[in-house]
There are 2 protein chains.
Amino acid sequence: MSTIKQVAARAGVSFTTVSHVVNRTRPVSDAARIRVERAIAELGYFPSAVARALKTSQTRILGVIVPNIINPFFSELVRGIEDACERNNYSVFLCNGDDDRDRQGRSLDTLLGRRVDGVILATPAGPATTLARRIAATKLPTAIVDRPVPGARVDHIAIDHAAGARLAMEHLLELGHRRIAHISGPSAFEVSRARAAGWRQALQGAGVEPREDWLLEGDFLAPSGHELARKLLAQGEITAIFASNDMLAFGALRAAAEAGWVVPRALSVVGFDGIEIGSFTSPALTTVGVPIRQMGETAAMVLLDRLAGRTKRPGETIVAPRLIVRESTGPARGA
Amino acid sequence: MSTIKQVAARAGVSFTTVSHVVNRTRPVSDAARIRVERAIAELGYFPSAVARALKTSQTRILGVIVPNIINPFFSELVRGIEDACERNNYSVFLCNGDDDRDRQGRSLDTLLGRRVDGVILATPAGPATTLARRIAATKLPTAIVDRPVPGARVDHIAIDHAAGARLAMEHLLELGHRRIAHISGPSAFEVSRARAAGWRQALQGAGVEPREDWLLEGDFLAPSGHELARKLLAQGEITAIFASNDMLAFGALRAAAEAGWVVPRALSVVGFDGIEIGSFTSPALTTVGVPIRQMGETAAMVLLDRLAGRTKRPGETIVAPRLIVRESTGPARGA
DNA sequence: ACGATCCGCGCAAACGTTTGCTAACTTGCT
DNA sequence: AGCAAGTTAGCAAACGTTTGCGCGGATCGT
């Protein structure tokens with residue numbers, strides 16, 4: 001890679017001038033500018049972001065820690081973040097926390113060492129609290145996606161889980177369902193607890209006492225939805241399942257198909273998240289849609305605003321989910 | 001962030017010594033080392049990867065350009081890359097090329113400016129050739145995933161598309177299918193052409209003349225699979241669809257369900273890629289499975305080996321796909 | 001014609017590291 | 001006792017930028 005000095009030598013000017021040409025940071029005569037530009041083109045010069053970062057002590061990099069990029073929820077989120085960064089000449093450092101406390105810690109170490117300008121934390125796991133605390137200690141500007149961190153002075157982009165769960169449950173109740181099971185995510189995650197609480201409250205609001213064997217705890221992945229739904233179906237009583245995310249719902253749909261329960265005639269299923277593929281399964285999945293990509297963009301923008309000094313105090317952005325009725329829900333059997 | 005000098009001051013040694021303690025690059029007395037380590041802990045010091053990169057002119061960063069991280073194929077690939085990098089203390093710069101020529105170019109500019117040590121190019125688009133040429137011009141170590149770049153002196157990790165297509169077609173032929181349609185990806189992509197060629201050859205090998213209205217060109221996304229399959233089904237003749245990837249296949253499955261064609265009784269569908277979700281749809285998708293994540297790891301390892309000087313000449317790694325028979329295929333109707 | 005003003009540009013320090021060179025002190029040998 | 005060898009650790013240059021400071025020459029007003 002060529003350097004600014006090589007460009008300067010070739011253009012017959014000082015490297016100061018080259019710098020100013022590149023950054024348009026003070027007027028340069030046309031003659032000089034043209035020579036410099038030609039030299040840059042001939043050498044294929046790109047300013048070193050490394051040297052620049054060292055000098056200006058900002059890297060224009062945002063670090064992103066997600067549990068697992070394979071999960072469509074997080075890949076959509078990352079996409080949103082990436083888009084917003086791209087538009088603002090920022091780059092993204094991606095770290096997979098891997099649902100693993102140690103690895104998340106190491107990711108943070110890396111990001112700290114890389115001197116990223118800010119971090120977006122999207123790990124819903126318990127350990128994130130530790131992470132958040134560490135980040136707070138370093139005063140690194142941070143945005144947290146979808147997990148409350150009590151007392152932390154960071155920006156927070158949250159989903160209104162309670163409202164989402166209510167949407168799903170009201171839909172089911174209106175269709176006449178009463179014996180509604182819930183497959184939750186790990187109860188260690190606040191998300192899971194909030195959605196489960198929504199399930200419980202809605203049931204009680206309808207005068208139905210939620211039975212504890214209607215609540216099964218999964219891990220947000222399709223296989224666990226599959227296995228848990230099988231158990232639920234074996235009981236034989238329930239008419240609907242509210243799954244804590246779409247992957248669990250897919251697993252449940254699969255279990256229903258295997259057990260010969262026709263959806264939605266014999267069983268209704270509602271998911272949560274609204275990942276794209278849900279509209280292409282058969283039956284298409286009724287779900288509580290969250291504008292995931294947009295959340296990613298928002299998280300990035302909020303952080304970028306803070307970095308640019310456009311905001312002072314940490315804020316909370318709450319995004320409201322909306323019900324997407326497709327084909328996996330219908331009137332309760334016998335209703 | 002604290003610097004090496006602050007640590008040195010606190011420990012009462014020169015910053016040279018701190019550097020040597022951190023890097024274990026020359027012996028340091030126990031007394032000094034302990035003081036330095038304590039100072040590091042107290043200050044929460046992390047060496048600046050930025051300064052380090054400037055000095056040593058290697059960043060320990062790999063740039064990755066993918067068209068779209070939302071596509072499960074690429075998110076699995078990225079996951080593999082990320083894992084391999086993590087194990088080798090490398091970081092990953094993620095760029096979404098967005099199926100957009102300009103943006104891919106800009107991504108490369110960014111990566112060049114960031115002085116990444118190497119690039120993994122996974123954009124299957126035509127423009128990649130241009131990219132690859134530019135990269136070749138800069139002598140930046142590069143690994144290309146799944147697209148042939150004739151004449152480029154870069155590492156290449158390829159899928160044996162022809163073999164994969166053959167697997168799918170043989171399966172269908174054995175089940176008695178003869179009127180087999182193909183939904184391809186954009187013909188601008190080599191991948192698409194290779195898979196389509198496999199379809200054509202297999203058909204001819206079985207003594208069936210492939211009709212051109214059995215071949216429809218999609219864009220690797222579910223909506224286009226959906227629409228194209230609808231047209232195919234309207235013709236009414238075909239008994240099976242070989243889709244060029246799983247997303248197209250999902251779209252096709254969806255179209256079949258909407259048109260009342262029961263899969264696999266009335267129609268068989270085979271996908272390509274073997275993304276995880278395919279085993280949770282109903283019917284579960286028969287597909288040609290590719291070890292995507294492993295390909296990502298391989299791509300990263302090959303590149304890392306080159307960077308470490310462990311390999312000299314660019315190599316080609318070919319990964320063989322295998323057939324995963326699930327539920328979306330069955331005997332041809334009337335067979 | 002002469003000082004004031006302005007324009008264009010170069011010099012050099014600094015950012016936080018790594019690393020070759022060298023100095024001081026200790027130890028061991030004769 | 002004196003010197004060689006070994007051990008420990010500091011000095012300073014360099015990596016490729018940005019940026020404050022200042023200097024020379026052209027332009028302008030009177």
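Note on naming: letters A, B, ... go to the chains in the order of the sequence lines (proteins, then strands), and numbering restarts at 1 for each one.
A/Asp117 places a side-chain heavy atom less than 4.5 Å from the side chain of A/Tyr90. The closest side-chain heavy-atom distance from A/Pro47 to A/Arg52 is below 4.5 Å.
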For this session: Mark up nucleotides 12-17 of chain D, 5' to 3', with B wherever a protein heavy atom is under 4.0 angstrom from a base atom, S wherever such an atom reaches only the sugar-phosphate, and - elsewhere.
Result: B-BBBB

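Of the possible polar contacts, one joining the B/Arg60 side chain to the B/Asn89 backbone as a donor-acceptor pair under 3.5 Å is found.
For D/dG6, its base never sits under 3.5 Å from the side chain of B/Arg26 at any donor and acceptor pair.
Taking a cutoff of 4.0 Å between a charged side-chain nitrogen and a carboxylate oxygen, B/Asp83 and B/Arg87 do not qualify as a salt bridge. In summary, B/Arg33 and B/Asp30 engage in a salt bridge, as defined by a charged side-chain N under 4.0 Å from a carboxylate O.
Taking A/Glu82 as the reference, A/Val92, B/Asn96, B/Arg103 meet the side-chain contact (heavy atoms from CB on, under 4.5 Å) condition, with sequence neighbours excluded.
One finds no side-chain N or O of A/Ser29 lying less than 4.0 angstrom from the OP1 or OP2 phosphate oxygen of C/dC7.
If you check every strand for non-hydrogen atoms under 4.0 Å, B/Val50 touches nothing. Contacts of A/Ala32 with the nucleic acid, taken as non-hydrogen atoms under 4.0 Å apart, involve only primed sugar atoms and P, OP1 or OP2.
Atom P of nucleotide D/dT18 and atom NE2 of A/His20 are separated by 9 Å, given to the nearest angstrom. Taking atom CD on A/Gln58 and atom P on D/dT18, their separation rounds to 12 Å, with Å as the unit.
A parallel orientation is assigned to the rings of B/Phe93 and A/Phe93, their planes being inclined by less than 30° (bins at 30° and 60°).
Taking five base pairs at each end of the helix from C/dA1-D/dT30 to C/dT30-D/dA1, the local helix axes there meet at an angle of 50°, rounded to 10°.
Of all heavy-atom pairs spanning A/Leu303 and A/Gly118, the tightest one is CD2-C, 4.1 Å.
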